[in-house]
Novice: 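Okay, handing you the structure first.
Side-chain atoms are counted along with the backbone in the values below, which use heavy atoms only and exclude waters and symmetry mates. All chains are named by letter (A, B, ...) in the order of the sequence lines, taking the proteins before the strands, and each is independently numbered beginning at 1.
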There are 2 protein chains.
Amino acid sequence: MQDAQKLMLSAKGHVSATAKALKILECFTPFQHELTLAQISRLLDMPKSTLLNQLRTLEELGYLMKVRDGSAYRLGYKIMELSYCAHTAIPMSQYAIPVMEDLQDATGEIIYLTSHINGRSFYMECVYPNSRSVPYSVSGKTLPMHCTGCGKAMLSQMNTQQVEAIIQQYGLASLTPNTITDHDLLMEDLAKCRARGYALDNEEETLGVKCIAMAIRTPRGEVAGALSISGSPISMVPEVLDPYAALLARACTSLTQYAHLFPAIQLQTP
Amino acid sequence: MQDAQKLMLSAKGHVSATAKALKILECFTPFQHELTLAQISRLLDMPKSTLLNQLRTLEELGYLMKVRDGSAYRLGYKIMELSYCAHTAIPMSQYAIPVMEDLQDATGEIIYLTSHINGRSFYMECVYPNSRSVPYSVSGKTLPMHCTGCGKAMLSQMNTQQVEAIIQQYGLASLTPNTITDHDLLMEDLAKCRARGYALDNEEETLGVKCIAMAIRTPRGEVAGALSISGSPISMVPEVLDPYAALLARACTSLTQYAHLFPAIQLQTP
DNA sequence: ATTATTGTTCAGCATTACTGAACGCTATTC
DNA sequence: GAATAGCGTTCAGTAATGCTGAACAATAAT
């Protein structure tokens with residue numbers, strides 16, 4: 001193992017074996033559902049023999065499972081069970097969903113509720129229109145902040161140091177041809193967001209999806225999260241922006257009283 | 001620590017520190033969102049000093065978080081992030097949801113898709129009617145099998161040994177006055193389920209919710225999961241049972257081809 | 001046939017996770 | 001206000017245990 005990584009796992013008062021296990025779980029992403037022992041070994045730069053013990057433990061307890069007729073691992077059901085507990089522990093959802101449903105009824109579009117964690121957008125809830133064939137659960141999804149409406153809405157209300165730190169940490173990856181990948185252009189766009197009070201996503205994360213988003217702040221002014229209205233370019237025409245912004249403003253204001261329940265506020269990020 | 005528990009955590013080829021950390025996470029349930037160090041210490045019968053290191057590690061990595069202005073812990077956001085990955089890794093959902101939507105359109109009721117894990121019902125997806133104000137995400141929820149339609153549908157298709165083992169492990173807890181808590185009555189009810197091909201939940205898990213459920217089986221006959229139609233006693237009248245059963249039968253048959261993707265089948269339960 | 005890669009075993013060593021007692025601290029009790 | 005009980009926290013010593021590298025069989029690729 002590399003020394004830098006070794007150092008990260010072995011701080012004082014820490015259980016390095018536990019940290020290793022969690023790092024193993026984090027190797028799995030929405031783009032990488034299955035991993036073999038050798039793949040994890042390369043990803044984490046750990047000896048295979050070390051990993052095997054950890055993998056067996058994780059598998060035994062249901063946090064990993066072997067793919068049928070194969071040697072690859074997948075995240076296990078226990079993760080989802082725990083997540084259900086975590087989800088029910090966020091009482092904010094019960095306040096936010098009615099507000100989101102009102103937005104949905106008024107606009108007919110998709111409504112997202114996000115927070116931010118470690119410099120990334122964190123999706124908490126969504127309310128879809130009645131027309132189906134859309135992904136159901138978004139809870140737990142994360143995305144870079146620079147390329148989504150919610151992300152930019154939150155960034156625009158942070159101080160420059162924080163924004164610069166986030167950009168430096170994650171860069172400005174391009175997800176579509178419209179993604180803002182230039183530092184100065186992004187700062188310009190954020191200034192516009194600040195000026196008009198809301199952010200616009202012009203198919204910057206997914207082609208065919210435009211959105212308008214507004215930040216939710218605590219009474220003290222900290223950025224807790226954001227609400228967004230997303231739809232196709234056909235329905236998200238310029239004329240709807242003003243009325244949608246007004247709807248969002250009302251919704252965000254009403255959620256301010258629950259802002260302290262957002263992960264971004266509850267977590268004391270190191 | 002008690003010897004029995006100690007033994008469970010320290011099998012050969014296992015990382016006991018990792019197992020401890022996961023056992024800590026599992027202390028949190030939908031009925032117990034917040035736990036203090038002392039509470040966990042009592043729950044797991046572990047010294048506080050031992051726990052503190054683990055808790056710090058879990059917190060540092062985002063798997064636990066401290067409640068604001070308090071010393072209690074809560075499950076962290078990383079759990080939900082991982083769960084999102086786990087959820088996207090189950091390709092079955094994409095096949096099941098259209099089938100569930102058809103059921104929803106035909107009945108107007110709530111449709112649940114479950115599997116079973118370690119003798120408990122495991123909820124995977126749900127499709128709600130357009131009328132709102134219902135809990136959104138059920139993914140990861142677990143319930144005892146004897147008191148739900150889906151659970152009984154699955155139990156009725158298992159062999160007696162398995163059923164007896166599950167009853168012995170979890171007992172027959174009462175969730176409502178209608179819950180079947182008598183062993184013989186339950187076996188009688190399961191026989192009825194077997195005879196007519198579907199299970200009925202007569203407000204046995206939640207008062208005001210009746211449901212009809214049918215098991216999903218693999219081509220080899222193993223019980224993979226179940227589909228259910230849930231509604232109020234007002235709409236779930238005896239006359240709808242036959243047509244609903246026919247709808248369920250078609251849906252369950254069509255999902256047989258994907259039955260190998262259910263957790264109950266993918267997991268080789270120890 | 002050969003090479004490369006896979007998952008796996010094992011024993012010994014050094015690391016490290018565990019522990020119990022003791023510490024301040026707050027809340028409760030008398 | 002004194003006393004108790006409970007809390008989270010620190011710390012150093014030690015026993016335990018997680019880690020490791022080399023070697024294994026088995027498969028996949030060349």
Novice: What integer distance in Å separates B:L55:CG from D:dT10:P?
Specialist: 13 Å

Novice: Whole angstrom is fine here: how far is it from CG in B:L35 over to C1' in D:dG8?
Specialist: 15 Å

Novice: Could you state the atom-to-atom distance from NZ of A:K20 to P of C:dT16 in whole Å?
Specialist: 7 Å

Novice: Can we say A:K141 and B:E81 salt-bridge, meaning some charged N sits less than 4.0 Å from an Asp/Glu carboxylate O?
Specialist: no

Novice: Could you tell me the separation between the CD atom of B:E34 and the P atom of D:dG8, rounded to a whole number of Å?
Specialist: 13 Å

Novice: Identify the pairs formed between an N or O of the protein and an N or O of nucleotides 4-7 of chain C at a distance under 3.5 Å, and give each distance.
Specialist:
unit_1: C:dT6; atom_1: OP1; unit_2: A:R42; atom_2: NH2; d: 2.7
unit_1: C:dG7; atom_1: OP1; unit_2: A:L37; atom_2: N; d: 3.1
unit_1: C:dG7; atom_1: OP2; unit_2: A:A38; atom_2: N; d: 2.9
unit_1: C:dG7; atom_1: N7; unit_2: A:K48; atom_2: NZ; d: 3.2

Novice: Does B:R56 make a side-chain N or O approach to OP1 or OP2 of D:dT10 shorter than 4.0 Å?
Specialist: yes

Novice: Identify all stems in which DNA chain C takes part, counting only runs of at least 3 consecutive pairs (Watson-Crick or G-U wobble, each distance under 3.5 Å), and give each as one range with another, ordered by first number.
Specialist: C:4-30 with D:1-27

Novice: Only distances under 3.5 Å count here; give the side-chain donor-acceptor pairs of residues 165-174 of chain A to other protein atoms, sequence neighbours excluded, each with its distance to 0.1 Å.
Specialist:
unit_1: A:Y170; atom_1: OH; unit_2: A:N118; atom_2: O; d: 2.6
unit_1: A:S174; atom_1: OG; unit_2: A:T176; atom_2: O; d: 3.1

Novice: Would you check if B:P263 and A:M80 make a side-chain contact, meaning some heavy-atom pair closer than 4.5 Å?
Specialist: no

Novice: Please tell me which of the listed nucleotides, C:dT19, D:dC19, C:dC18, lies nearest to the side chain of B:P47?
Specialist: C:dT19

Novice: Is the B:Y95 ring parallel, tilted or perpendicular to the B:Y258 ring (thresholds 30°, 60°)?
Specialist: parallel

Novice: Work out which heavy atom in B:K66 is nearest to a heavy atom in B:S71; give both atom names and the distance.
Specialist: CE-O, 4.1 Å

Novice: Does the side chain of A:Y73 reach to within under 4.5 Å of the side chain of A:L55, using non-hydrogen atoms?
Specialist: yes

Novice: With heavy-atom distances below 4.5 Å as the criterion, would you say the side chains of A:L175 and A:T206 are in contact?
Specialist: no

Novice: What is the distance, rounded to the nearest whole Å, between atom CG of A:N53 and atom C1' of C:dT8?
Specialist: 11 Å

Novice: Expressed in angstrom and rounded to an integer, what is the separation of A:Q54 atom CD from C:dT8 atom P?
Specialist: 15 Å

Novice: Got a salt bridge between B:K23 and B:E26, using NZ or NE/NH1/NH2 to carboxylate O under 4.0 Å?
Specialist: yes

Novice: So do A:E125 and A:I97 actually touch side chain to side chain, heavy atoms under 4.5 Å?
Specialist: yes

Novice: Could you state the CD1-C1' distance from A:I24 to D:dC19, rounded to the nearest angstrom?
Specialist: 13 Å

Novice: Expressed in angstrom and rounded to an integer, what is the separation of A:D45 atom CG from D:dT20 atom P?
Specialist: 10 Å

Novice: I want to confirm an ordering. Mapping B:S49 and A:Y73 to their closest nucleotides on DNA chain C, which one lands closer to the 5' end?
Specialist: A:Y73

